[in-house]
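Report on one structure; see the data block that follows.
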Protein chains: 2
Amino acid sequence: MYICPMHNKELLKGTLKTIILQLLTEKGRMYGYEITQTVKSMTEGQIQLTEGALYPTLHKLEAEGLVVTQKEQIGKRVRKYYTLTPSGNKAAVNKVAEFEEFVRLIGLLLHPKKSLQ
Amino acid sequence: MYICPMHNKELLKGTLKTIILQLLTEKGRMYGYEITQTVKSMTEGQIQLTEGALYPTLHKLEAEGLVVTQKEQIGKRVRKYYTLTPSGNKAAVNKVAEFEEFVRLIGLLLHPKKSLQ
DNA sequence: CAAATATACATTGGAGTCTTATGTATATGC
DNA sequence: GCATATACATAAGACTCCAATGTATATTTG
């Protein structure tokens with residue numbers, strides 16, 4: 001996914017939708033390129049989304065009815081803004097909760113000594 | 001991976017090697033079936049490894065020189081025990097550290113409000 | 001002002017990981 | 001005797017993401 005300095009890229013699989021939905025929850029409205037730049041700056045340059053991962057995922061989210069798009073003319077270029085739908089909002093909350101639960105479960109396996117972390 | 005009640009199975013991708021290496025670090029010596037049962041009990045039944053994921057991964061770890069095997073006759077059945085090699089030990093430490101870093105980075109994206117969690 | 005870089009969208013082929021299904025065989029509990 | 005548990009293994013396919021490529025405009029820099 002993400003060109004990134006992290007060695008284990010597979011770890012990041014499955015988090016892309018969660019990341020996008022959560023960012024949209026916070027920012028309200030974003031376009032694709034903006035998402036890549038925001039993720040890069042928020043992660044100290046460690047996670048850099050690739051277009052080959054990002055755009056197909058955005059299109060999937062749209063097809064699933066979790067986001068809607070508005071095109072906006074900027075000079076001669078067109079930007080495509082994405083906004084969460086109500087079901088997209090719910091999905092964002094669920095996905096983040098699922099991620100937290102995932103981290104907790106893996107923590108049980110990786111840090112059994114630390115009583116309850 | 002892993003048949004499991006978690007809804008977002010993709011989240012777990014990329015963690016299997018890390019889990020196996022870490023378990024071997026703790027337990028010293030394990031066989032495949034034992035790994036599936038240990039993971040199940042340690043995660044409250046939430047993560048259940050499938051053979052289709054586990055065995056190919058164990059074979060890969062062996063091919064990479066991170067584990068070695070000893071077969072043991074138990075009655076008429078044969079158990080295949082896996083033990084970490086020195087490079088397997090290093091790999092375990094690295095993988096767990098990578099996972100921690102991954103969680104930290106995703107945390108930057110998902111919990112921007114919590115100062116430094 | 002030309003070239004490089006940044007902005008901005010998008011698609012395609014392929015790699016890698018896991019799931020589902022299947023196969024084989026022994027052991028145990030009811 | 002039959003179901004379930006133990007114990008290994010492989011194969012076909014789904015799914016996600018990466019790398020490469022393509023198009024086009026805008027800005028920076030030498």
Side-chain angles (χ1 to χ4, degrees), chain A residues 1-20 29-41 45 47-64 67 69-82 95 102 106, chain B residues 1-20 29-41 45 47-64 67 69-82 95 102 106:
Chain A
M1 104 192 333
Y2 332 45
I3 299 169
C4 75
M6 290 193 58
H7 291 125
N8 198 339
K9 295 181 183 179
E10 286 80 38
L11 277 181
L12 290 151
K13 292 201 177 188
T15 58
L16 185 49
K17 278 188 183 179
T18 307
I19 290 169
I20 293 171
R29 200 174 86 116
M30 296 183 90
Y31 55 97
Y33 187 77
E34 185 185 8
I35 292 174
T36 65
Q37 299 307 300
T38 303
V39 168
K40 187 177 174 182
S41 78
I47 299 180
Q48 286 174 244
L49 308 192
T50 60
E51 294 100 324
L54 179 66
Y55 290 113
T57 301
L58 285 171
H59 300 163
K60 251 174 256 169
L61 290 174
E62 191 178 10
E64 292 167 12
V67 299
T69 60
Q70 308 161 266
K71 286 184 182 173
E72 208 160 287
Q73 199 75 25
I74 306 291
K76 286 192 176 177
R77 277 203 297 229
V78 175
R79 265 188 205 159
K80 208 166 158 186
Y81 278 95
Y82 292 84
K95 286 260 182 201
F102 155 71
I106 303 294
Chain B
M1 88 196 344
Y2 327 43
I3 298 168
C4 76
M6 290 193 58
H7 292 124
N8 197 338
K9 295 181 183 178
E10 284 81 37
L11 277 181
L12 290 152
K13 292 203 176 188
T15 58
L16 184 49
K17 278 188 183 179
T18 308
I19 290 169
I20 294 172
R29 200 174 87 120
M30 297 182 90
Y31 55 98
Y33 188 76
E34 185 185 9
I35 292 174
T36 66
Q37 299 307 301
T38 302
V39 167
K40 187 177 174 182
S41 78
I47 299 180
Q48 286 174 244
L49 307 192
T50 58
E51 294 101 324
L54 179 66
Y55 290 113
T57 301
L58 285 171
H59 300 164
K60 252 174 255 169
L61 290 174
E62 189 178 11
E64 292 167 11
V67 299
T69 60
Q70 309 160 266
K71 286 185 182 171
E72 208 161 287
Q73 199 73 26
I74 306 293
K76 284 191 177 179
R77 278 203 297 230
V78 175
R79 265 188 205 161
K80 209 167 158 184
Y81 277 96
Y82 291 84
K95 287 262 182 200
F102 156 70
I106 303 295

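Values reported hereafter were calculated over all heavy atoms of this structure, with side chains retained and with hydrogens, waters and symmetry mates removed.
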D:dT16 P sits how many Å from A:Leu49 CG, rounded?
-> 16 Å

Take atom OH of B:Tyr81 and atom P of D:dC8, then tell me their distance rounded to the nearest Å.
-> 9 Å

Of the nucleotides D:dA7, D:dA9, C:dA8, which one has an atom closest to the side chain of A:Tyr31?
-> C:dA8

Round to the nearest Å and state the distance from A:Ile35 atom CD1 to C:dA10 atom C1'.
-> 15 Å

Atom NZ of B:Lys40 with >12 non-hydrogen neighbours under 6.0 angstrom = no

How do B:Tyr33 and B:Lys80 order along DNA chain D: which one's closest nucleotide is nearer the 5' end?
-> B:Tyr33

Filtered N/O pairs between nucleotides 11-16 of chain C and protein, under 3.5 Å:
| unit_1 | atom_1 | unit_2 | atom_2 | d |
| --- | --- | --- | --- | --- |
| C:dT11 | OP2 | A:His59 | ND1 | 3.4 |

Taking the side chain of B:Thr50 as heavy atoms from C-beta outward, which of D:dT16, C:dT20, D:dA7 is closest to it?
-> C:dT20

Quick one: side chain to side chain contact (heavy atoms under 4.5 Å, CB included) partners of A:Thr38, sequence neighbours excluded?
-> A:Leu23, A:Lys27, A:Met30, A:Glu34, A:Met42

Would you mind reading off the distance between A:Glu34 atom CD and C:dA8 atom P, rounded to a whole angstrom?
-> 9 Å

Using atom CD of A:Gln73 as one end and atom P of C:dT7 as the other, report the distance to the nearest whole Å.
-> 19 Å

Atom-pair distance (CG on A:Leu16; P on D:dC15), nearest Å | 17 Å

For A:Lys60 and D:dC15, is the shortest distance between a side-chain N/O and OP1 or OP2 below 4.0 Å?
-> no

State, yes or no, whether a side-chain contact exists between B:Thr18 and A:Ile106 at a heavy-atom distance under 4.5 Å.
-> no

Atom CD of A:Gln37 to atom P of C:dC9: distance rounded to whole Å?
-> 11 Å

Which pairs pass salt bridge (charged side-chain N to carboxylate O under 4.0 Å, His left out) with one or both residues in residues 70-79 of chain B, sequence neighbours excluded?
-> B:Arg29-B:Glu72

Are any of the side-chain heavy atoms of A:Leu16 and A:Leu49 separated by less than 4.5 Å?
-> yes

For nucleotides 27-30 of chain C, which of its nitrogen or oxygen atoms have a protein nitrogen or oxygen under 3.5 Å away, and what is each distance?
| unit_1 | atom_1 | unit_2 | atom_2 | d |
| --- | --- | --- | --- | --- |
| C:dA27 | OP1 | B:Lys76 | N | 3.4 |

Could you tell me which residues satisfy side-chain hydrogen bond (donor to acceptor under 3.5 Å, both in side chains) with B:Glu51, sequence neighbours excluded, listed by chain and number?
-> none

When all nucleic acid strands are considered with a 4.0 Å heavy-atom cut-off, which category describes B:Lys71: base, sugar-phosphate, or nothing?
-> nothing

Quick one: list whatever passes salt bridge (Lys or Arg N to Asp or Glu O under 4.0 Å) with B:Glu64, sequence neighbours left out.
-> B:Lys17

Can you tell me how far P of C:dT17 sits from CG of B:Leu58, to the nearest Å?
-> 14 Å

For B:Gln37, enumerate each residue passing the side-chain hydrogen bond (donor to acceptor under 3.5 Å, both in side chains) test, keeping only those at least two apart in sequence or located in another chain.
-> none

Does B:Tyr81 have any ring-ring contact (aromatic ring centres under 6.0 Å, His included) partners at least two apart in sequence or in another chain, and if so, which?
-> B:Tyr31

